[in-house]
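Just so you know, ligand 1 is whichever comes first in the structure, and atom 1 is the first atom listed for that ligand. Just so it is clear, the model here is predicted, and its values are computed rather than measured.
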Amino acid sequence: MKIVAGKWSNWSGNVRFKPRGIAEPKDEVDLAIAVRKSEGHVRFPGTGHSFSPLNQTDGTLIDLSAFVGLKGFDPEREVASIAAATPLWGLGSLLHPLGYALKNMPDIDRQTLGGAVATGTHGSGLTLGNFSAEVASFRLLLTTGEVIHCSPEENPEIYAAGRLSLGLFGVMTEIDMKVRPIYKLQRKYFVHPTEELFRQLDGLVEANRNFSFFLFPHADGVVCRSLNETECHAPTRHSANTLMARGERRRIDEYVFAGISEAMRYVPGLMKPAHKFFAAFMGKRQKVRWSHEVYPTARTVRYKAMEYAVPYEKGGEVMQELAEAIRKSKIPTAFPLTFRTVAADDVWLSPAYQQDIASITVHQHADMDETQLFALCEAIFRNHNARPHWGKIHNATREDLARLYPKFEDFCALRRKLDPQDKFLNEHLAKLFA
Ligand SMILES: Cc1cc2nc3c(=O)[nH]c(=O)nc-3n(C[C@H](O)[C@H](O)[C@H](O)COP(=O)(O)OP(=O)(O)OC[C@H]3O[C@@H](n4cnc5c(N)ncnc54)[C@H](O)[C@@H]3O)c2cc1C
């Protein structure tokens with residue numbers, strides 16, 4: 001956890017605060033003492049890659065960075081027990097020597113496993129669940145300091161809801177993730193004419209293990225990304241340290257993107273040619289790597305993001321509506337809209353609860369005001385009863401959430417039972433869950 005001059009900041013810099021105290025427990029016993037003794041509201045960040053103020057507190061921040069590493073592996077059940085603050089970039093190197101890997105990963109690998117699970121972080125793939133859905137069981141340290149094991153058999157309600165609970169139920173110390181035998185993926189970027197893409201969307205989603213696309217509203221073509229399993233040769237895999245460094249290194253294309261998006265802040269007229277250029281520049285690349293090396297890419301140009309999920313069948317229509325609205329509004333943004341899919345699950349607060357989803361992300365440069373762009377897009381999302389990504393910026397109210405999530409009130413009741421003193425709430429979370 002990074003604290004500079006007593007202040008904590010998230011990755012995008014839009015959430016900054018000074019906690020009253022910081023605890024650095026070394027194990028579960030220390031952690032129990034820290035939770036029980038801490039004054040004020042207690043929060044426990046991962047690596048701060050959420051855009052929403054989930055970690056904000058004027059009370060105590062708990063640094064979980066001692067909770068890392070592989071704790072066990074059950075080949076029969078294909079389940080790996082992993083300490084919750086293990087960064088995703090380190091997971092491949094822990095699992096690969098066992099012959100196993102995660103089934104899917106998000107676009108970056110900077111997050112902790114606990115942070116990814118707590119917010120329903122996902123990659124893309126209509127047959128692949130988000131991180132919360134791939135949790136077989138977990139250890140949870142409650143506000144009393146007691147540690148319980150949660151699985152479909154033990155504490156089944158807490159298991160059902162707690163796999164995506166934003167740190168509201170307690171601290172997950174160890175997470176048992178469902179894994180699968182190692183695999184290589186061929187990643188391809190290619191450009192599709194926009195109208196044709198929407199006509200062929202279902203076919204592209206079905207034909208590829210992981211399919212996503214990036215739509216620059218002013219470009220003529222859409223940049224598509226597919227990942228498919230392959231037996232082709234992959235280079236020797238990198239060490240965990242190399243992967244850690246790789247995720248922070250700016251590539252040439254990111255320098256170009258950074259330069260143009262920076263210039264666009266002062267010359268909004270650059271937007272149309274820039275979108276056409278980015279779409280052409282991003283397309284036509286491919287490579288084969290072991291899965292954990294090819295899902296994530298480095299993101300060094302800081303931005304703020306809003307993401308909402310709609311039923312899969314509505315995804316294409318909503319994307320087109322958003323693109324049209326952005327074009328008409330002329331609000332400057334260098335970034336594309338992103339389209340991904342996630343398989344339905346049974347996690348109470350998962351955006352994919354009981355429905356396959358298309359998850360759509362809107363971005364704005366970290367140094368630019370996002371309010372106009374996000375308000376425009378959020379109005380469209382609201383019209384489609386979309387469910388917000390918990391780690392991204394949203395203005396959904398408690399009433400909205402109760403309408404969108406069938407188990408929302410049950411979740412709130414369980415939260416009150418587990419944390420009657422509201423120790424794990426903060427201002428943002430209290431508005432939604434108190
Ligand atoms: C550049 C970038 C790219 C991203 N790409 C994707 C993507 O491809 N797909 C996607 O779905 N999301 C994506 N996200 C969002 C990100 O995955 C989530 O916000 C995730 O929660 C961040 O993990 P973190 O470790 O930084 O957790 P934080 O943001 O620090 O914390 C998030 C929440 O997790 C809770 N938490 C952390 N550890 C524990 C624990 N041990 N027990 C209980 N609760 C815990 C915290 O209390 C907090 O409420 C991206 C974000 C960024 C900045």
Protein heavy-atom partner closest to atom 22 (C) of ligand 1 - residue, atom, separation in Å
Gln111 CG, 3.5 Å

Ignoring hydrogens and geometry beyond distance, is a side-chain donor-acceptor pair present between Asn55 and Asn10 at under 3.5 Å?
no

Examine the side chains of Asn241 and Ser239 and answer whether a donor and an acceptor come within less than 3.5 Å of each other.
no

For ligand 1, which atoms, with element, lie under 4.0 Å from some heavy atom of Pro45?
30 (O)

Within 45° of the axis and under 6.0 Å from the centre of the six-membered ring of Tyr405, does NZ or CZ of Arg387 qualify?
yes

Heavy-atom contacts under 4.0 Å between Thr119 and ligand 1: side chain, backbone, both, or neither?
side chain

What part of Ala84 sits under 4.0 Å from ligand 1 if we count only heavy atoms: the side chain, the backbone, both or neither?
side chain

Once you restrict to heavy atoms under 4.0 Å, what part of Val117 touches ligand 1? Side chain, backbone, both or neither.
neither

Given Glu307, Lys304, Met172, His363, which one has a non-hydrogen atom that is nearest to atom 42 (N) of ligand 1?
Met172

Backbone or side-chain N or O of Gly115 under 3.5 Å from ligand 1 N or O
yes

Close N or O approach (Tyr303, ligand 1; < 3.5 Å)
no

If you have a sec, work out which protein heavy atom is nearest atom 19 (O) of ligand 1 and how many Å separate them, to one decimal?
Ser50 OG, 2.7 Å

Go through ligand 1 atom by atom and flag the ones less than 4.0 Å from a non-hydrogen atom of Trp11.
1 (C), 53 (C)

Does a donor on one side chain sit under 3.5 Å from an acceptor on the other, for Ser350 and Asn130?
yes

Gly48 to ligand 1: N or O pair under 3.5 Å?
yes

Per-residue contact class, Arg340 against ligand 1 - non-hydrogen pairs under 4.0 Å:
side chain

What is the nearest protein non-hydrogen atom to atom 48 (C) of ligand 1, stated with its residue, atom name and distance?
Asn55 OD1, 3.4 Å

Please state whether the rings of Tyr303 and Trp11 are parallel, tilted or perpendicular, taking 30° and 60° as the class boundaries.
perpendicular

Does Val171 reach ligand 1 with a nitrogen or oxygen that is under 3.5 Å from one of the ligand's nitrogen or oxygen atoms?
no

Would you say NZ of Lys314 has more than 12 non-hydrogen atoms from neighbouring residues, nucleotides or ligands within 6.0 angstrom?
yes

among protein heavy atoms, the one nearest atom 24 (P) of ligand 1 is Thr47 N, 3.5 Å

Which of the ligand 1 atoms, numbered from 1, are nearer than 4.0 Å to a heavy atom of Leu64:
41 (N)

Answer yes or no: are there more than 12 heavy-atom neighbours, outside Arg36 itself, under 6.0 Å from its atom CZ?
no

Which is it for Lys392 and ligand 1 at heavy atoms under 4.0 Å: side chain, backbone, both or neither?
side chain

In terms of atom number and element, which parts of ligand 1 are under 4.0 angstrom from non-hydrogen atoms of Gly170?
43 (C)

Examine Ile108 against ligand 1 and note whether any of their N/O atoms are separated by less than 3.5 Å.
no

Atom 51 (C) of ligand 1: which protein heavy atom is closest, and how many Å away?
His49 O, 3.2 Å

Do other residues, nucleotides or ligands put more than 12 heavy atoms under 6.0 Å from Glu409 CD?
yes

Return the orientation label for the Tyr159 and Phe138 ring planes: parallel under 30°, perpendicular over 60°, tilted otherwise.
parallel

Test ring pair (Phe, Tyr, Trp, His ring centres under 6.0 Å) applied to Phe335 and Phe216, Phe257, Phe214, the passing residue:
Phe257

Hey, which atoms in ligand 1 end up nearer than 4.0 Å to a heavy atom of Thr112?
25 (O)

Is the number of heavy atoms from other residues, nucleotides or ligands within 6.0 Å of CZ (Arg16) greater than 12?
no

Identity and distance of the protein heavy atom lying nearest atom 35 (C) of ligand 1:
Ala118 CB, 3.6 Å

For Asp422, check salt bridge (charged side-chain N to carboxylate O under 4.0 Å, His left out) against everything at least two apart and list the hits.
Arg415

Would you call the rings of His96 and Trp290 parallel, tilted or perpendicular, taking 30° and 60° as the class edges?
perpendicular

Testing the 3.5 Å rule here: is there a donor-acceptor pair between the side chains of Gln111 and His49?
no

Give the atoms of ligand 1, by number and element, whose distance to some non-hydrogen atom of Gly167 is under 4.0 Å.
43 (C), 44 (N)

Can you tell me if CZ on Arg299 sees more than 12 non-hydrogen neighbours from other groups inside 6.0 Å?
yes

So is Gly46 polar-close to ligand 1, meaning N/O to N/O under 3.5 Å?
yes

So which bit of Phe51 gets within less than 4.0 Å of ligand 1, heavy atoms only: side chain, backbone, both or neither?
side chain

For Lys103, enumerate each residue passing the salt bridge (charged side-chain N to carboxylate O under 4.0 Å, His left out) test, keeping only those at least two apart in sequence or located in another chain.
Glu134

Tell me the protein heavy atom at minimum distance from atom 9 (N) of ligand 1, and give that distance in Å.
His122 O, 2.8 Å

Ligand 1 to Thr121 polar contact by distance, N or O atoms, under 3.5 Å
yes

Of all protein heavy atoms, the one nearest atom 12 (N) of ligand 1 is His389 NE2, 3.2 Å

Just which atoms of ligand 1 are under 4.0 Å from any heavy atom in Pro106?
7 (C), 8 (O), 9 (N)

Pair Lys71 + Glu28: basic N to acidic O under 4.0 Å
no

